[in-house]
There are 2 protein chains.
Amino acid sequence: MASTRRPTLADVAERVGVSAKTVSRVLNEDGPVSEATRTKVLAVVEELGFRPNLMARNMRVGSRDSTIGLVVPELGNPFFGTVAGGVEDVVRDRGLTLLMGSSGEHQPLEHSLVTTFLARRISGLLVVPAAGSDHRYLRRERESGLPVVFLDRPATGLAADAVVSANEDGARMGVAHLVAHGHRRIAFIGDRPATLYTRKMRLRGYRAALVEAGLPYDPSLVVAAHDPYAAGVAVRRLLALATPPTAVFAANNFASLGVVPALAEAGRRDVALVGFDDLPLAAVLEPGLTVVAQNPAAMGTAAAEQILARLSGDRSAARTRTVPVALVARGSGELPPPSA
Amino acid sequence: MASTRRPTLADVAERVGVSAKTVSRVLNEDGPVSEATRTKVLAVVEELGFRPNLMARNMRVGSRDSTIGLVVPELGNPFFGTVAGGVEDVVRDRGLTLLMGSSGEHQPLEHSLVTTFLARRISGLLVVPAAGSDHRYLRRERESGLPVVFLDRPATGLAADAVVSANEDGARMGVAHLVAHGHRRIAFIGDRPATLYTRKMRLRGYRAALVEAGLPYDPSLVVAAHDPYAAGVAVRRLLALATPPTAVFAANNFASLGVVPALAEAGRRDVALVGFDDLPLAAVLEPGLTVVAQNPAAMGTAAAEQILARLSGDRSAARTRTVPVALVARGSGELPPPSA
DNA sequence: TTGTAGGCGTTATCAC
DNA sequence: GTGATAACGCCTACAA
């Protein structure tokens, strides 16, 4: 159990009776080495359990570490977990390692994580911005050529690549779906704060669908909720209105997780519902939950590939890539309004 | 956009007109520094956007990197995502950074990820072992004092710390719950392969509950399924038996995700069900899904704390910590058998 | 209060 | 084919 020092290149070299450089040559298949020394070196490497120190190597070689940093708001959220999985698949294939941190939607924490990552001399940075955070602090890094890609939400105060869902389009599609089934009073239950990028875009899609259908925009049908409980409260309040909505658009999965039980407890099987973002068990509900499904894994891989492209020298202007979403009809979104 | 070299301690020192050591002193609040030079140094640090290189620092100081490696089978799985979140919360508070990788339950990939982490000279290693993997390759690391903690499943061929769920206890509790509601023929739908640790322990709990209730063990009621689809198929097959089960114990969340829709489609609202591991929307199903809930966040924090304790010099024998589970009754587990 | 020498483990350069 | 030397960026130890 004695904390013995790990063997170094020099240790191996000494034991074999060659110089450190020769060992290095064998391991990196660099210059020419005689078969005899090669064999001997490899034997000693095995015997001592020598592993090259990547810190030292990266320092000497690139001054950039072979890592990619990823900051998400919340690791436990399956959406971000799946995004991270997509990222990791891509970077691992390229021999890069993933550094991860979660900000808890907390701007100072996001900043401090990013700073730590930068101090590690990461090769690229992926960030899902915390609500309300400002990214001017990354300007210098961008100028010095560090690839930075924003995920799910674009940067604020910085021209940088981004990969986002088709939020506006998806919301428009979901609301139009409700309209097509005869609904004219459709509630929107969105994120808080109202300035959150995804909420703004989805609300825009909601309004676009109303305009296309020639329906009025009624602010009293638009509410904010940042967790399932608040969404449930909001639904109960909406259903108690003088002219209640006949359908609900839940603009994120927390909202869905609150609206579904609220409708069930109220015994309101007649209220139509479309949610943004898919959920496990959504198909098993009665009725099944109709959703606008995002593709988090594709978002992760797209962002990682963008980083790799930048690392490979792509110097084109910053651009935002939009990952498509898909309407999955399962029943709740196809309920007709009572009048029909 | 020119990829300018990052400033170093020496750059700052030269610009200020002092030695590198003085700058270092200011930044680390090490020895005494006059207020004048301090101010000047900080100004230049700001002006140049200097950030100390953590790779270089770690190399000089500890020869260990201030990172903790975590390998999970699948990042997108909310269970492991939440575990990772628990880990990250703890290590971040201690100024450590999380290196993450996913093995896809694939032993060679797990091994290669661990090897990469070791080459980075991580300070500690957390592993959720891939199915069927062997950890003798970590013996040398353990002997050299590297803290290693296994998560969710213990190591094979290695004496090391582990943090696991109360699998046997939880399964016994869940099955006893069904027994208490009058069931005598209870199916067990578990993981594949059958050698998987969690499956073995949960099956053991299932059998213990049967013994306690004086019920016979019927192998034809025990099936393996590694995804929701297979679980659904298994349920249909079980219900078609001459003497079908009146209750099902779904030994993991994939099994639950298959059993719930299978029962719904078969119109079998009379079959009782208890699942191992909780799911979002579980409460909204009709009937609500009764589960044995695990505590993944607690598992993550417990494992991280164990690593930190080892890092702080705890040299006691390897031990396995068991995180409690809780039965959450929601309806599906309280359905009586038809005969009752 | 500040500076110099040396080294962490690796690789680049240029000899032999 | 192989080796000595210097250097990556930082900090420890020891002066001045």
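Because the structure is predicted, anything quoted here is derived from the model rather than measured. The figures that follow rest on heavy atoms only: side chains count, while hydrogens, waters and symmetry mates do not. Within every chain, numbering begins at 1; the chains are lettered A, B, ... in the order of the sequence lines, protein sequences first and strands thereafter.
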Chemist: I'd like to know whether NZ of B:K40 has more than 12 heavy-atom contacts from other residues, nucleotides or ligands below 6.0 angstrom.
Modeler: no

Chemist: Hey, mind stepping through B:L96 and B:L308 against side-chain contact (heavy atoms from CB on, under 4.5 Å) and telling me if it holds?
Modeler: CA-CA 10 Å; B:L96 295 167; B:L308 295 180; 3.7 Å; yes

Chemist: Does a salt bridge link A:R120 with B:D65, judged by any charged N lying under 4.0 Å from a carboxylate O?
Modeler: yes

Chemist: May I ask you to evaluate whether A:T22 reaches the phosphate of D:dG3, defined as a side-chain N or O under 4.0 Å from OP1 or OP2?
Modeler: yes

Chemist: Identify, between A:R6 and B:S34, the residue whose nearest nucleotide on DNA chain C lies closer to the 5' end.
Modeler: B:S34

Chemist: What is the distance, to the nearest angstrom, from the CE atom on A:M55 to the C1' atom on D:dC8?
Modeler: 14 Å

Chemist: Measure from CZ on B:R51 to P on D:dC10 and round the result to the nearest Å.
Modeler: 12 Å

Chemist: On DNA chain C, which is the earliest and which the latest nucleotide, 5' to 3', with an atom closer than 4.0 Å to a heavy atom of chain B?
Modeler: C:dT1 to C:dG9

Chemist: Should B:R38 and B:E35 count as an ion pair when the cut-off is N to O under 4.0 Å?
Modeler: yes

Chemist: 5'-most contact on DNA chain C: B:M59 or B:P32, nearest heavy atom basis?
Modeler: B:P32

Chemist: I need the minimum non-hydrogen distance between A:E110 and A:S133, along with the two atoms involved.
Modeler: OE1-OG, 3.1 Å

Chemist: Are A:E143 and A:R136 within salt-bridge range, i.e. N to O under 4.0 Å?
Modeler: no

Chemist: Salt bridge check, B:R51 against A:E141: does any charged N sit closer than 4.0 Å to a carboxylate O?
Modeler: no

Chemist: Salt bridge check, B:D161 against B:R319: does any charged N sit closer than 4.0 Å to a carboxylate O?
Modeler: no

Chemist: If the sugar-phosphate is the primed atoms plus P, OP1 and OP2 and the base is the rest, what is the B/S/- string for nucleotides 11-16 of chain D, using protein heavy atoms under 4.0 Å?
Modeler: BB----

Chemist: Rounded to whole angstroms, how far apart are CD on A:E35 and P on D:dT2?
Modeler: 10 Å

Chemist: To the nearest angstrom, how far is A:D65 atom CG from D:dC8 atom P?
Modeler: 18 Å

